[in-house]
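Throughout, a chain's letter reflects where its sequence line sits, starting with A, and its residues are numbered from 1.
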Amino acid sequence: MIEFPSKYEPVSIEEKWRQIWEADGIYKSSVNSEKKKYSVVIPPPNVTGMLHIGHILNNTIQDIYCRWKRMAGYEVCWVPGMDHAGIATQIKVEQELKKNEGKSKYDLGREEFVKLIWDWKEKYGGIILKQLRKLGVSVDWSRERFTLDKGLSRAVREVFVDLYKKGYIYKGKRIINWDNITQTALSDDEISYIEKRDKLYYVKYPIVDSNDALVIATTRPETMLGDTAVAVNPADKRYSHLAGKKVILPVVNKEIPIVFDSYVDMSFGTGALKITPAHDMNDFEVGQRHNLEAINILTKDGKINENGLQYKGQGINESRKNVLKYLKANGYLIKEEDYTHNVAVSERSGAVIEPFLSDQWFVSMKKLSEPAIQVVKEGKVRFHPDKWTKTYFHWMDNVKDWCISRQLWWGHQIPIWYHNETGEIYCETTPPKDIENWTQDPDVLDTWFSSWLWPFSVFGWENSAKDKENKDLNYYYPTDFLSTAPEIIFLWVARMIISGLEYMNDIPFKDVYFHSTVRDGKGRKMSKSLGNSPDPLVLMDQYGTDALRFTIVYLAPLGSDVLFDEKNTEIGRNFITKLWNAGRFLKMNYDRIMNDSASGDEEPEYDFAEKWIDSRFNDTIRDIEFYLNAYRLNDYTKSLYAFVWSDFCDWYIELTKVKLSKNASTSRKAIKRAMDIYENILKLLHPVIPYVTEEIWHILDESREGKTISKIEFPALDETKYDENSEKLFEIFKDLVTTSRNERAKYAGINDYEFDIRIKPLNTTAAESVNELTDSLQMLINNKGGTAIEHTTGEFAGTSGDYFAVKFDFKGAAPKLKNGDAGVKTTKELESLKVYITGIEKKLGNKNFLEKAAADVIEKERQKLKDAKEKYEKISKMK
RNA sequence: GGGCGGUUAGCUCAGUUGGUUAGAGCGCCACGUUGACAUCGUGGAGGCCAUUGGUUCGAGUCCAUUACCGCCCA
């Protein structure tokens with residue numbers, strides 16, 4: 001017999017089970033044609049990532065579904081893995097290199113540097129997967145994949161080459177963030193904004209064939225060298241007469257058009273804007289809309305190039321000075337004023353970011369996305385919550401081409417080679433044979449270009465010819481469920497749907513769950529810089545992993561954010577303690593009663609409380625199946641929380657206590673019934689709190705060694721157990737108990753007195769059931785004297801509930817009444833009853849209501865009125 | 001600027017197709033501990049369901065308006 005420890009020690013117990021689960025390989029999956037499969041691919045965390053509270057939520061959600069389906073008899077396969085995270089990883093290693101050796105990546109060269117990153121990855125990468133192990137995720141570790149591993153890289157090349165050959169991939173221009181100190185392109189994430197005091201210059205652009213001039217305001221006069229238009233807002237009446245006119249661009253001395261574009265802010269400066277498409281993101285778009293030429297005036301190291309006339313070779317500041325000098329000397333500069341604005345700078349080098357027009361590779365998205373729109377419209381792929389479908393359609397209908405090249409070294413280098421002499425392009429999955437005559441495109445692919453293939457690449461996808469024999473792919477694809485953050489619906493989810501349809505000819509997953517964003521108690525996003533993100537590993541040690549898992553899911557409603565405060569973890573911890581102690585109580589009594597040699601057979605009949613808990617348990621199964629199928633995870637935990645704590649512990653176990661001290665047949669039946677329900681509770685809870693349920697399940701029965709609760713059948717719904725009468729009767733019973741407790745609370749020091757309890761039913765239903773209920777009453781109101789309970793129809797002053805009035809008759813001396821006036825509450829209740837009755841009477845007096853409302857609604861109102869009046873009358877006599 | 005949400009108890013949120021006196025958890029107040037659990041039990045207080053208008057016999061629920069808050073995209 002295993003001793004039930006008085007305290008649950010999560011840290012050591014979790015570690016024990018984690019090791020056993022992994023050693024036994026119980027979450028390994030393989031093709032099993034006997035069973036239906038349930039497959040899930042993990043959203044691959046960054047190889048540089050550290051576990052944060054959002055990961056806890058997302059991975060617990062997936063684990064709940066995997067564990068639930070596994071217990072429900074599915075062959076579950078949950079594939080783990082990591083993302084090579086181009087930018088983040090490269091930056092990380094660059095920083096280490098600088099810190100440790102004082103070198104830059106250029107000192108090593110591309111090949112050496114990439115090798116260094118691989119070394120770093122082997123040593124330090126993937127900490128997050130170790131942390132996920134601690135979370136208890138039931139993934140198949142033997143299937144771990146990496147977006148840059150051999151198989152996935154092959155898939156990336158295969159897809160790139162195929163798209164290129166089909167004409168979806170093309171080279172185009174795009175403005176990128178250029179850091180001219182480190183000479184690299186930066187992503188938006190690597191940029192910060194600082195406030196800078198500058199000058200705003202007002203420059204005159206003479207209008208052609210006119211004595212007038214248009215005045216524009218700019219902080220960057222040197223970029224005039226690349227101006228190809230001046231823009232005004234079409235709604236701006238000051239300039240409407242200029243339609244079709246041109247201006248003369250000073251310095252360069254050429255004619256450029258005036259264009260009308262609503263992008264222009266009428267209130268800024270003069271309301272006229274110079275347009276430099278090659279050196280400003282917004283100007284680039286204006287240029288595209290109006291077919292303007294984009295003239296690049298800079299070299300990669302931040303000097304004016306050959307398009308910059310006499311300023312060629314000058315730095316940005318120098319050329320600005322010289323251009324200004326020219327403008328001033330020739331009367332173009334009208335005024336200058338102080339101006340403070342935000343300037344983008346490189347987070348690493350501090351260089352002012354230069355928007356720079358460059359050649360990039362794009363995927364043409366319009367045609368590719370059409371089938372992906374269709375499958376969501378048809379409900380083949382479902383989003384939860386559904387509101388994201390609207391966002392999805394809106395984005396897909398206006399889809400922009402995808403820029404897939406990145407100026408990095410870490411990643412899948414683009415499989416394009418240029419012929420050194422002819423410039424001819426070669427695009428294949430393998431390099432050209434005469435490699436010495438070719439140069440590969442230096443850029444790598446966007447990290448998402450590997451993750452968009454994830455749902456099939458992890459199962460060994462190669463190409464359609466070989467896939468027919470790929471058993472894993474045939475069995476597991478399409479996957480069933482994806483849980484991810486709504487921020488990446490376009491970056492990732494939409495693109496996976498597109499690639500799945502293009503390359504597997506099928507959707508990648510059926511249900512997508514967009515989980516909540518976890519925020520702090522004040523509603524701010526968790527972030528490193530705010531320092532408001534609690535370390536989940538610390539919380540797991542303090543409160544237990546299960547407590548954290550339970551809490552985060554409990555707090556995360558479908559479709560809105562979670563406000564998570566560290567202290568909230570007490571919700572989960574307290575619940576687990578409650579569950580633990582209930583188990584301990586039951587086991588102690590179970591062992592005692594079952595070992596009693598005087599034991600007899602159990603009574604076969606169920607009493608009203610047993611029928612009630614059976615019915616309630618069945619309700620709970622029905623609820624949680626509904627909630628899990630509806631992806632309402634917090635409601636799944638909430639209904640279990642309420643059932644375990646309120647129904648099972650507060651009422652059922654309390655009632656069971658009365659029976660445990662009775663004769664053998666009664667006590668045996670009572671403890672067996674309670675234990676049976678309790679074991680089923682453990683199964684229902686296992687998906688969300690796997691460790692503690694596994695532990696208790698083993699403590700309850702030592703013969704379970706070597707088995708696991710995670711492969712035990714999930715309790716099934718049995719509608720024959722639903723018992724409306726017992727549920728109603730139990731509500732009446734609760735009213736009787738609560739009313740008695742209220743009566744009890746009126747007296748001070750009542751424990752020292754003996755009394756009889758007199759009960760008066762307030763309506764027919766109560767009167768009919770009172771005999772069945774009074775037996776269980778005594779224990780629950782702690783009536784120590786063991787005195788008789790009698791019911792009466794006579795009039796008396798006492799406490800009234802919905803169904804009963806209760807009064808104590810003291811044997812001999814009576815305790816003092818607290819607060820003297822016991823009649824206050826009754827008066828108050830009578831008042832509110834009166835308001836209620838008047839309300840119904842008014843309703844029933846309304847002709848329109850009687851004519852138009854449904855018959856059963858009217859009947860209900862009549863019944864309500866009758867009950868209320870009856871109760872009013874009985875209570876009023878009690879005064 | 002475009003799109004999508006939200007506004008119900010002190011806090012965080014439920015409230016299914018309109019139909020009991022609008023619920024829960026936490027917090028608060030009172031009482032309670034030789035009993036599985038103080039990481040607890042029992043009881044209680046606390047709400048003009050953001051605004052204005054409409055549809056309806058009947059609106060927290062449906063429609064519109066305003067205000068405020070938030071998210072995504074540009």
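- Distance noted for atom C1' between rU12(B) and rG70(B): 16 Å (whole Å).
- Of the possible donor and acceptor atoms, none in the side chain of Y513(A) sits under 3.5 Å from a partner among the backbone N and O of R632(A).
- Going from the C1' atom of rU17(B) to that of rC13(B) covers 23 Å, rounded to whole Å.
- Between D856(A) atom CG and rG18(B) atom C1' there is a gap of 14 Å when expressed in whole angstrom units.
- One can find a donor-acceptor pair under 3.5 Å joining the base of rU39(B) and the side-chain atoms of K7(A).
- With both pairing distances under 3.5 Å, rC40(B) is matched to rG32(B) as a Watson-Crick or G-U wobble pair.
- What separates NZ of K852(A) from P of rU55(B) is a distance of 12 Å, to the nearest Å.
- Here the nucleotide nearest the side chain of W645(A), chosen from rC37(B), rA74(B), rG41(B), is rG41(B).
- Side-chain atoms of H394(A) lie closest to rG2(B) of the nucleotides rU21(B), rG2(B), rA74(B).
- Rounded to a whole angstrom, the distance from the P atom of rU16(B) to that of rU7(B) is 12 Å.
- In a base pair of the Watson-Crick type (N1 to N3 plus N6-O4 or O6-N4) or a G-U wobble (N1-O2 and O6-N3), with each distance short of 3.5 Å, rC71(B) is matched with rG3(B).
- Comparing the same atom, C1', in rU61(B) and in rU55(B) gives a spacing of 14 Å after rounding to whole Å.
- Nucleotides rA64(B) and rC69(B) place their P atoms 23 Å apart, quoted to the nearest Å.
- One interatomic measurement links the two molecules: CD of E285(A) to P of rG1(B), which rounds to 17 Å at whole-angstrom precision.
- Atom CZ of R592(A) has more than 12 neighbouring heavy atoms from other residues, nucleotides or ligands inside a 6.0 Å radius.
- The F490(A) side chain lies nearest to rC72(B) when the options are rC37(B), rC57(B), rC72(B).
- Of the listed nucleotides (rG19(B), rG25(B), rA36(B)), rG19(B) has the atom at the smallest distance from the side chain of F849(A).
- Classification of K638(A) and D635(A) as a salt-bridged pair fails, no side-chain N sitting under 4.0 Å from a carboxylate O.
- Looking at heavy-atom distances under 4.0 Å, T738(A) makes contact with sugar-phosphate atoms alone, never a base.
- The side chain of R573(A) lies closest to rU39(B), out of rA36(B), rU39(B), rA74(B).
- For the P atoms, the distance from rU51(B) to rG60(B) is 11 Å, rounded to whole Å.
- Atoms NZ (K860(A)) and P (rG58(B)) sit 19 Å apart, rounded to a whole Å.
- Remark: K587(A) is not in phosphate contact with rA36(B), judged by side-chain N or O atoms under 4.0 Å from OP1 or OP2.
- Closest to the A582(A) side chain, of the nucleotides rA36(B), rU39(B), rG25(B), is rA36(B).
- Here E861(A) lies out of heavy-atom contact (under 4.0 Å) with every strand.
- Using a 4.5 Å heavy-atom threshold, the side chains of I489(A) and F383(A) count as touching.
- rU56(B) makes up no base pair with any nucleotide shown, lacking Watson-Crick or G-U wobble contacts both under 3.5 Å.
- When distances run from any side-chain atom of R741(A) to the nucleotides rG2(B), rG15(B), rG43(B), the shortest one goes to rG43(B).
- Comparing rC37(B), rU39(B), rC26(B) by their nearest atom to the side chain of Y641(A) picks out rC26(B).
- A 3.5 Å limit on both hydrogen-bonding distances identifies rA24(B) as the Watson-Crick or G-U partner of rU12(B).
- Residues L850(A) and K638(A) each lie close to RNA chain B; by heavy-atom proximity, the contact nearer the 5' end of the strand is made by K638(A).
- A sub-4.0 Å separation between OP1 or OP2 of rC40(B) and a side-chain N or O of N574(A) is present.
- Ion pair E731(A)/K728(A) not flagged as a salt bridge, since none of the NZ, NE, NH1 or NH2 atoms sits closer than 4.0 Å to an Asp/Glu carboxylate oxygen.
- Going from the P atom of rG5(B) to that of rU65(B) covers 14 Å, rounded to whole Å.
- Rounded to a whole angstrom, the distance from the C1' atom of rU8(B) to that of rG25(B) is 15 Å.
- The side chain of R584(A) has rA36(B) as its nearest neighbour among rA14(B), rA36(B), rU39(B).
- Ring to ring, Y392(A) and W388(A) are not that close: their centroids are 6.0 angstrom or more apart.
- Salt-bridge formation is detected for the pair K587(A)/D591(A): a Lys NZ or Arg NE/NH1/NH2 atom is positioned less than 4.0 Å from an Asp or Glu carboxylate oxygen.
- Of the candidate nucleotides rC37(B), rC4(B), rG2(B), rC4(B) has the atom lying nearest to any side-chain atom of K390(A).
- Residue order along RNA chain B, read from the 5' end via each residue's closest nucleotide, puts Y836(A) first among Y836(A) and L586(A).
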